[in-house]
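Read the structure below first, then the notes.
This is a predicted model, so every value here is computed, not measured.
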Protein chains: 2
Amino acid sequence: MDNIRKYLNEFVTQSDQDWEIFSSKLVRVEFPKKSIILEKGKREKFLSFIAKGIVRFNIPKPDYDFTFAFAFENTFVSGYDSFLAKTPSLYNIEAISDCVLWRITCEDLETVYDSTQIGDRIGRKIAEELFLKKMKREMSLLEDTAKKRYLDLMSEQPQLIKYIPQKYLASYIGIRPQSLSRIRKEISI
Amino acid sequence: MDNIRKYLNEFVTQSDQDWEIFSSKLVRVEFPKKSIILEKGKREKFLSFIAKGIVRFNIPKPDYDFTFAFAFENTFVSGYDSFLAKTPSLYNIEAISDCVLWRITCEDLETVYDSTQIGDRIGRKIAEELFLKKMKREMSLLEDTAKKRYLDLMSEQPQLIKYIPQKYLASYIGIRPQSLSRIRKEISI
DNA sequence: GCAATCAATGAACAAATGTTAATTAAATCG
DNA sequence: CGATTTAATTAACATTTGTTCATTGATTGC
């Protein structure tokens, strides 16, 4: 749990008391590789901190499985839209590798928001952080070619390329696996 | 200013006292069509509510002008990344039509965050709202064709098509103006 | 370890979008 | 209004990505 506090401290300093209120709600859960952490159609009930592992956000479709995002160790993950709007999730969240999560329920988080000085601020900072990430991604999706997105991903997260199957990477980049193969071939030449 | 309070009330009910603290900081500013509200390279100092008009987010480039987002009446607008991280803005914000904004400075907003019960909650809700929008957009950019994005935009915001030059719409959709012309031609047939 | 399954590659052709350049239409400004 | 500038359209060709299908490579589970 120390990592969670460390992560939060980058955003905002909390009193020991507030941290106690928050951390007492956290529950440790393990998910084996390929298990589904959040199922499409169900409502997200948790905000989770990834202590170990990698997850993907995906929409299973008749023709193919659409992966649009990843989340990595030492970050928060949630079906945030479902969580916030209390609507059924539009996507799955799936463990790519064996994962360890620390989770807090929606209701408990509301309690934290209401009963601590700092709850809303943490929530604000997390939402702000998520927004900035999506904004960068929006620009990349509009401006860059698939090849550039792949090269960027390689240089920014080289270790991930090893653990994430290429078909998921391809989907994330916005192309088909065959096209990613083609790009990889070009690059290596 | 009533519209601002109305907008905020959809997120969170505020006490009259909190509203007074917040609204007393708001300053009305007009921007004529084509004027620059936030200049690339400068730091965003305001959170603004659009009382009237439409703005676009753009990056001016040697070869062409890249528009990646719009903001409309009765929503908040800001160079939020620059605002939050206190870094130079990566883009311009420009008035597409004559605009009326109500602005609060970064510093005043911090004061509101610190001196009201509700400041962080408003900030959280705004950031959450922005994040959800970007998430929907991410999926659309990955999944949909340019034609589908154009048709969606037409059905969701039909009035906008009238006011926003097509070259900006094309950029927003992720294609060149020539390609948008081609798509429009196909559709009308 | 082997069979079965799934992932990655490769090639040929189709579809979508980009690029360039010319033409027409619309907006702006005196 | 008329002249000038800017925006939108069109067309021809180039490039990128998608689609289909076959083949090879890697994993999984018994």
Side-chain angles (χ1 to χ4, degrees), chain A residues 32-36 54 56 58-68 70 92 94-98 139-154 160-189, chain B residues 32-36 54 56 58 60-68 70 94-98 139-154 160-189:
Chain A
K33 185 173 177 173
K34 294 201 177 171
S35 61
I36 293 180
I54 304 176
R56 70 183 181 114
N58 70 297
I59 300 178
K61 304 198 166 201
D63 42 340
Y64 82 115
D65 183 285
F66 169 52
T67 297
F68 62 91
F70 303 107
N92 288 342
E94 186 189 292
I96 289 182
S97 61
D98 291 342
M139 291 199 203
S140 168
L141 286 170
L142 283 169
E143 269 202 301
D144 301 342
T145 61
K147 186 194 278 186
K148 179 161 193 313
R149 280 197 291 279
Y150 181 70
L151 290 171
D152 286 352
L153 201 58
M154 283 227 303
L160 304 181
I161 309 282
K162 285 188 299 189
Y163 297 116
I164 301 178
Q166 280 180 36
K167 58 176 183 168
Y168 299 157
L169 288 176
S171 180
Y172 177 74
I173 288 167
I175 57 177
R176 296 310 177 101
Q178 296 90 326
S179 297
L180 180 54
S181 275
R182 187 158 37 196
I183 287 170
R184 283 164 52 81
K185 193 181 173 187
E186 278 176 49
I187 291 168
S188 63
I189 286 167
Chain B
K33 184 174 177 173
K34 292 201 176 172
S35 60
I36 292 179
I54 304 176
R56 70 183 180 113
N58 69 298
K61 303 199 168 197
D63 43 341
Y64 82 116
D65 183 285
F66 169 52
T67 297
F68 62 92
F70 303 108
E94 187 189 291
I96 288 181
S97 61
D98 292 340
M139 291 199 204
S140 169
L141 286 170
L142 283 168
E143 268 202 301
D144 301 341
T145 61
K147 187 194 278 185
K148 180 161 191 314
R149 279 196 291 279
Y150 182 70
L151 290 171
D152 286 351
L153 202 57
M154 283 227 302
L160 304 181
I161 309 282
K162 288 188 297 190
Y163 297 116
I164 301 178
Q166 279 180 36
K167 58 176 182 169
Y168 300 156
L169 287 176
S171 180
Y172 177 75
I173 288 167
I175 57 178
R176 296 311 177 103
Q178 296 91 323
S179 298
L180 180 54
S181 275
R182 186 158 37 196
I183 287 170
R184 283 163 53 82
K185 194 181 173 188
E186 277 177 50
I187 292 168
S188 64
I189 287 168

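In this entry the distance linking NZ of A:Lys162 with P of D:dT27 reads 14 Å, nearest Å. Rounded to whole angstrom, the span from the CD atom of B:Gln166 across to the C1' atom of D:dT6 amounts to 14 Å. Counting to the nearest Å, the P atom of D:dA7 and the CZ atom of B:Arg184 are 15 Å from each other. Distance, B:Leu180 CG to D:dA7 C1': 12 Å, rounded to whole Å. Residue A:Tyr150 contributes atom OH, which lies 8 Å from atom P of C:dT9 at whole-angstrom precision.
Residues A:Leu180 and A:Tyr150 are in side-chain contact: their nearest non-hydrogen atoms beyond the backbone lie under 4.5 Å apart. When side chains are defined from C-beta on, B:Met139 counts as touching A:Ile59, because their heavy atoms get closer than 4.5 Å. Two residues are said to be in side-chain contact when any heavy atoms from C-beta on lie closer than 4.5 Å; B:Lys148 and B:Leu151 fail this criterion.
Residues passing the ring-ring contact (aromatic ring centres under 6.0 Å, His included) test with A:Tyr172, sequence neighbours excluded: A:Phe70. Residues passing the ring-ring contact (aromatic ring centres under 6.0 Å, His included) test with B:Phe68, sequence neighbours excluded: B:Phe57, B:Phe66, B:Tyr91. With sequence neighbours left out, A:Arg149 forms a side-chain contact (heavy atoms from CB on, under 4.5 Å) with A:Ser140, A:Leu141, A:Asp144, A:Ala146, A:Ile173.
The phosphate of C:dC6 has neither OP1 nor OP2 within less than 4.0 Å of any side-chain N or O from A:Lys167.
The minimum heavy-atom distance linking A:Lys33 with A:Ile96 is given by the pair CG-O, 3.1 Å. The shortest heavy-atom contact between B:Gly174 and A:Leu142 is CA-CD2, 3.5 Å. Smallest separation of non-hydrogen atoms from B:Lys167 and B:Pro177: CB-CG, 4.0 Å.
Between the axis at the start and the axis at the end of the helix from C:dG1-D:dC30 to C:dG30-D:dC1 there is an angle of 60°, using five pairs per end and rounding to 10 degrees.
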Between protein and nucleic acid, restricted to nucleotides 16-18 of chain C and to nitrogen or oxygen atoms under 3.5 Å apart, what atom pairs and distances do you find?
{"from": "C:dT17", "atom 1": "OP1", "to": "B:Ala146", "atom 2": "N", "distance (Å)": "3.1"}
{"from": "C:dG18", "atom 1": "OP2", "to": "B:Arg176", "atom 2": "N", "distance (Å)": "3.0"}
{"from": "C:dG18", "atom 1": "OP2", "to": "B:Ser179", "atom 2": "OG", "distance (Å)": "2.8"}
{"from": "C:dG18", "atom 1": "N7", "to": "B:Arg182", "atom 2": "NH2", "distance (Å)": "3.0"}
{"from": "C:dG18", "atom 1": "O6", "to": "B:Arg182", "atom 2": "NH1", "distance (Å)": "3.0"}

Can you name the atoms? Protein N/O to nucleotides 20-30 of chain C N/O, anything below 3.5 Å, with the distance.
{"from": "C:dT20", "atom 1": "O4", "to": "B:Gln178", "atom 2": "NE2", "distance (Å)": "3.3"}

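Side-chain atoms of A:Arg184 and A:Ser181 form no donor-acceptor pair, as typed in the model, at a separation below 3.5 Å.
The local environment of OH in A:Tyr163 is sparse, with at most 12 non-hydrogen atoms from other residues, nucleotides or ligands closer than 6.0 Å.
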